[in-house]
Colleague: 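The structure is given below, and queries will be raised subsequently.
Heavy-atom basis, side chains included; hydrogens, waters and symmetry copies ignored. All chains are named by letter (A, B, ...) in the order of the sequence lines, taking the proteins before the strands, and each is independently numbered beginning at 1.
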Number of protein chains: 2
Amino acid sequence: MEALFKEKKVRVTAFRRTVYEIFEKYKSAISVNFIESELKDFDRITLYRTLKMFKEKGIIHEITFPYKEKKLALCKEDCKDNTETHNHDHIHFHCNQCKEVYCVDIPNFPHLNLTNYQVDKIEIQAMGTCAKCA
Amino acid sequence: MEALFKEKKVRVTAFRRTVYEIFEKYKSAISVNFIESELKDFDRITLYRTLKMFKEKGIIHEITFPYKEKKLALCKEDCKDNTETHNHDHIHFHCNQCKEVYCVDIPNFPHLNLTNYQVDKIEIQAMGTCAKCA
DNA sequence: TATTAAATGCAATAATGTTGCAATACTAAG
DNA sequence: CTTAGTATTGCAACATTATTGCATTTAATA
């Protein structure tokens with residue numbers, strides 16, 4: 001983590017370390033709500049600012065499924081340092097059984113060819129049953 | 001609209017008609033915020049309840065892009081009447097130029113084959129430049 | 001270890017969403 | 001056409017989620 005933060009020019013503080021370690025601990029994507037429940041004494045504002053900064057620096061990324069709570073997950077090494085240009089070779093998978101959301105690498109990421117539209121980037125959100133629950 | 005509402009067992013009221021017509025008027029997906037700005041005299045609670053019900057009945061569907069405002073759009077005829085099982089043969093396209101979100105029909109919707117994961121449904125969110133802005 | 005820029009914590013406030021309930025409007029039966 | 005019964009609306013109150021400004025504290029480095 002120290003190396004990553006240094007590379008991203010982010011100061012290591014006790015609070016940031018704690019938040020980062022929560023992300024590391026859980027393999028699945030987690031919600032702000034969940035992070036709050038994992039922290040004991042904390043300032044909500046500082047948490048929001050920390051998460052916002054993590055997103056801007058490309059340390060974490062947002063995952064949204066319609067009708068579901070927004071989730072956050074650690075980025076792989078290849079994320080750029082702003083929120084708009086995260087680079088994913090993975091899809092997001094929501095398990096209907098355990099309700100967890102996972103980042104899943106896929107070998108050949110689908111390409112989309114739309115007449116009249118110029119597609120720069122696509123995001124794929126999949127729903128179904130995860131490896132553990134299947 | 002009368003036919004649709006009747007089929008969905010939804011009472012036609014002045015307010016619901018107004019909200020529905022806003023969706024019809026704009027071809028792109030719209031945010032709650034935008035709907036509020038289109039209405040003059042209205043009760044916010046009634047609006048939230050109307051939108052919630054429209055979603056549950058499969059009249060409209062939610063569209064989410066990470067880092068972007070949640071949007072809503074009319075469903076095509078083939079949507080089931082609950083929020084979880086909307087059936088889309090279209091993708092969602094966010095134009096980086098005009099910032100609008102469109103539902104775009106695509107001929108052969110990609111299929112995803114993940115080892116260990118059972119995929120029931122996928123959502124595709126694309127970003128780029130739309131037909132008008134290109 | 002002193003300096004200084006960044007991060008934190010608090011207060012205040014904004015935006016977004018929900019619940020309960022009384023008043024009102026609609027629908028269908030007689 | 002009227003009435004009973006049910007769904008919808010509008011209000012008050014409240015819950016949740018998020019942001020801003022500012023004084024204080026902390027971390028990096030010279």
Colleague: Using whole Å, what does the distance between atom P of nucleotide dG9(C) and atom OH of Tyr48(A) come to?
Modeller: 16 Å

Colleague: Rounded to whole angstroms, how far apart are CZ on Phe34(A) and C1' on dT16(D)?
Modeller: 19 Å

Colleague: Please list residues of residues 35-44 of chain B whose heavy atoms come under 4.0 Å from any atom in DNA chain D, ordered by number; otherwise none.
Modeller: Asp43(B)

Colleague: Polar atoms only, N or O, under 3.5 Å: list the protein pairs with nucleotides 22-24 of chain C and their distances.
Modeller:
none

Colleague: List the atom of Tyr102(A), the atom of Lys132(A), and the distance in Å for their closest heavy-atom pair.
Modeller: OH-NZ, 3.6 Å

Colleague: Passes ring-ring contact (aromatic ring centres under 6.0 Å, His included), Phe54(B) versus Phe5(B)? Steps please.
Modeller: CA-CA 10 Å; Phe54(B) 276 8; Phe5(B) 277 31; 5.7 Å; yes

Colleague: For DNA chain D, what residues of residues 12-20 of chain B have any heavy atom nearer than 4.0 Å?
Modeller: Thr13(B), Phe15(B), Arg16(B)

Colleague: Take the protein atom CG of Leu51(B) and the nucleotide atom P of dT18(C), then report the distance between them rounded to whole Å.
Modeller: 11 Å

Colleague: With rounding to the nearest 0.5 angstrom, report the CD to CE distance, Glu21(B) to Met1(B).
Modeller: 6.0 Å

Colleague: Could you check how far CD1 of Ile45(A) sits from C1' of dG21(D), rounded to whole Å?
Modeller: 12 Å

Colleague: Once you round it to whole Å, what is the distance between P of dT29(D) and NZ of Lys9(A)?
Modeller: 11 Å

Colleague: Any donor and acceptor pair, going by atom type alone, linking the side chain of Lys99(A) with main-chain N or O of Asn96(A) inside 3.5 Å?
Modeller: yes

Colleague: Nearest-Å distance, CD (Glu2(A)) to P (dA27(D))?
Modeller: 13 Å

Colleague: Evaluate the ring planes of His61(A) and His90(A), with Trp represented by its six-membered ring, and classify them as parallel (under 30°), tilted (30 to 60°) or perpendicular (over 60°).
Modeller: tilted

Colleague: Measuring to OP1 and OP2 of dA15(C), would you say a side-chain N or O of Asn33(B) lies under 4.0 angstrom away?
Modeller: no

Colleague: If you only use heavy atoms from C-beta on, which nucleotide in dT26(D), dT8(D), dT19(C) is closest to the side chain of Arg11(A)?
Modeller: dT26(D)

Colleague: Would you find a donor on one side and an acceptor on the other, under 3.5 Å apart, between the side chain of Tyr117(A) and the backbone of Gly128(B)?
Modeller: no

Colleague: Can you find a pair of side-chain heavy atoms, one from Lys25(A) and one from Glu38(A), that are under 4.5 Å apart?
Modeller: yes

Colleague: Measure CG/Leu47(B) against P/dG17(C) and give the value in whole Å, please.
Modeller: 10 Å

Colleague: Side-chain contact test, heavy atoms from C-beta onward, threshold under 4.5 Å: evaluate it for Ser28(B) versus Val101(B) and give yes or no.
Modeller: no

Colleague: Measure across Leu74(A) and Tyr20(A) and return the closest heavy-atom pair with its distance rounded to 0.1 Å.
Modeller: CD2-CE1, 3.6 Å

Colleague: Would you mind reading off the distance between Phe5(A) atom CZ and dA6(C) atom C1', rounded to a whole angstrom?
Modeller: 14 Å

Colleague: Report yes or no: is there a donor-acceptor pair, N or O only, under 3.5 Å between the side chain of Arg49(B) and the base of dG17(C)?
Modeller: no

Colleague: Could you tell me whether the side chain of Glu62(B) and the main chain of Tyr67(A) form a donor-acceptor pair under 3.5 Å?
Modeller: yes

Colleague: Salt-bridged, Arg17(B) to Glu2(B), with N to O below 4.0 Å?
Modeller: yes

